[in-house]
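A short write-up of the structure that comes next.
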Amino acid sequence: MPQKSFAYSQTVPSVSIQNADFDAAQEYSQLRDSGAGTGAIATFTGLVRDSGDRQGVTGLFLEHYPGMTEQVIGDLIAQACQRWDVRKARVIHRIGRLPLKSQIVFVGVCSAHRRDAFAACEFIMDALKTSAPFWKKELTDAGEHWVEQKASDVARSEDW
């Protein structure tokens with residue numbers, strides 16, 4: 001596939017791994033202010049839900065490999081920029097103990113056109129789930145257990 005060349009602008013760190021919650025509206029505003037030519041923004045926000053490998057999930061605990069995780073996600077953004085018109089991208093992933101309904105991950109991409117913004121946002125999220133070194137534990141009233149990577153996530157990532 002021939003590589004495309006687009007004007008990519010990055011005025012804020014594109015990858016943040018943090019304990020603190022994030023403001024999705026503020027992240028959206030920063031993407032919207034990415035400069036001339038931006039015509040579309042696609043975002044994804046993942047939340048802690050009450051079911052996963054087991055029912056009755058009360059929260060999650062996430063760990064990561066500092067430095068390596070940011071590099072892997074940065075590489076995924078670079079891959080997205082080679083495939084689609086990405087003007088700016090932002091990924092935030094939370095770690096630590098997160099109760100139900102907490103925001104876990106934010107992926108935002110702005111582009112000149114919606115198709116590129118949607119595709120790049122979905123690609124980054126799908127690839128992040130299988131490539132970025134995170135470890136996730138589901139917390140329940142009956143105890144906690146580490147979550148293994150799902151074949152369905154690997155298949156989605158391989159579709160790209």
Side-chain angles (χ1 to χ4, degrees), residues 1-49 52 60-98 102-137 146-160:
M1 170 189 292
Q3 291 193 351
K4 298 177 181 178
S5 176
F6 299 102
Y8 181 74
S9 112
Q10 205 61 58
T11 57
V12 296
S14 60
V15 179
S16 296
I17 310 298
Q18 60 193 44
N19 290 94
D21 199 4
F22 54 85
D23 183 340
Q26 181 180 358
E27 297 300 330
Y28 173 87
S29 291
Q30 290 180 353
L31 290 168
R32 189 182 61 208
D33 295 336
S34 62
T38 296
I41 297 172
T43 66
F44 171 83
T45 303
L47 305 175
V48 176
R49 64 176 184 252
L60 295 176
F61 180 79
L62 290 102
E63 295 181 3
H64 80 300
Y65 195 113
M68 180 182 287
T69 307
E70 293 87 342
Q71 180 64 48
V72 168
I73 296 171
D75 290 347
L76 296 175
I77 292 171
Q79 290 175 40
C81 292
Q82 291 175 348
R83 296 175 69 174
W84 298 283
D85 174 4
V86 174
R87 304 296 170 100
K88 192 173 187 179
R90 176 83 166 122
V91 174
I92 302 171
H93 206 297
R94 294 182 64 198
I95 55 171
R97 186 173 290 272
L98 302 172
S102 295
Q103 299 181 122
I104 304 171
V105 62
F106 175 88
V107 177
V109 174
C110 63
S111 175
H113 304 285
R114 72 177 183 272
R115 178 172 279 187
D116 286 325
F118 279 133
C121 185
E122 190 172 10
F123 164 79
I124 291 168
M125 188 61 228
D126 285 347
L128 183 155
K129 285 199 73 147
T130 57
S131 301
F134 287 102
W135 294 271
K136 181 169 68 174
K137 218 186 262 189
W146 291 104
V147 176
E148 294 186 26
Q149 191 169 60
K150 295 178 177 47
S152 59
D153 290 336
V154 172
R156 283 191 58 84
S157 184
E158 290 174 350
D159 283 346
W160 292 101

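Evaluated for a salt bridge (Lys or Arg N to Asp or Glu O under 4.0 Å) with E122, the options R83, R156, K129 yield exactly one hit, R156.
Cation-pi check for R90 over F106 is not met; the charged atom does not lie both under 6.0 angstrom from the ring centroid and within 45 degrees of its normal.
In this structure, V72 and P133 have side chains that are in contact, with non-hydrogen atoms separated by less than 4.5 Å. Side-chain contact check for I17 versus F134: some heavy-atom pair is nearer than 4.5 Å. Put simply, the side chain of H64 reaches to within 4.5 Å of the side chain of E70, judged on heavy atoms. Counting heavy atoms from C-beta on, the side chains of L47 and I104 never come closer than 4.5 Å. With contacts defined as side-chain heavy-atom distances shorter than 4.5 Å, the pair D153/D126 does not qualify. For the pair I124/V91, a side-chain contact is recorded, criterion being any heavy-atom separation below 4.5 Å from C-beta on. Annotation: side chain of V107 is not in contact with side chain of T43 (no heavy-atom distance under 4.5 Å). Using a 4.5 Å heavy-atom cutoff, the side chains of K150 and V147 are in contact.
I95 and N19 make their closest contact through O-ND2, 3.2 Å (heavy atoms, listed as atom of the first residue, atom of the second, distance). G74 and V15 get closest at one heavy-atom pair: N-CG2, 3.9 Å. Across all non-hydrogen atoms, the minimal contact from A42 to C121 is O-SG, 3.8 Å. Closest heavy-atom contact between R94 and L62: O-CB, 4.0 Å. In this structure, T38 and C110 approach most closely via the heavy-atom pair CG2-CB, 3.7 Å.
For F118, the CZ atom sits in a loose shell: 12 or fewer heavy atoms of surrounding residues, nucleotides or ligands are nearer than 6.0 Å. Atom CZ of R32 has more than 12 heavy atoms from other residues, nucleotides or ligands within 6.0 Å.
Taking the six-membered ring for Trp and thresholds of 30 and 60 degrees, F123 and W160 have ring planes more than 60 degrees apart, a perpendicular arrangement.
Annotation: the span from T69 atom OG1 to H93 atom NE2 amounts to 9.0 Å, rounded to 0.5 Å. The CD atom of E27 sits 11.5 Å away from atom CD1 of I41, with the distance rounded to the nearest 0.5 Å.
Side chains of D75 and Q79: a donor-acceptor N/O pair is absent below 3.5 angstrom, by distance only.
The main-chain N or O of A127 is found under 3.5 Å from a side-chain atom of S131 such that the two form a donor-acceptor pair. Side-chain N or O atoms of S34 include one that pairs as donor or acceptor with a backbone N or O of L31 at under 3.5 Å. Although no hydrogens or angles enter the test, the distance criterion places no donor-acceptor pair under 3.5 Å between the side chain of Q149 and the main chain of V154.
Comment: E63 does not engage K136 in a salt bridge, judged by the lack of any side-chain N to carboxylate O separation of less than 4.0 angstrom. Under a 4.0 Å N-O distance rule, the pair D85/R87 qualifies as a salt bridge.
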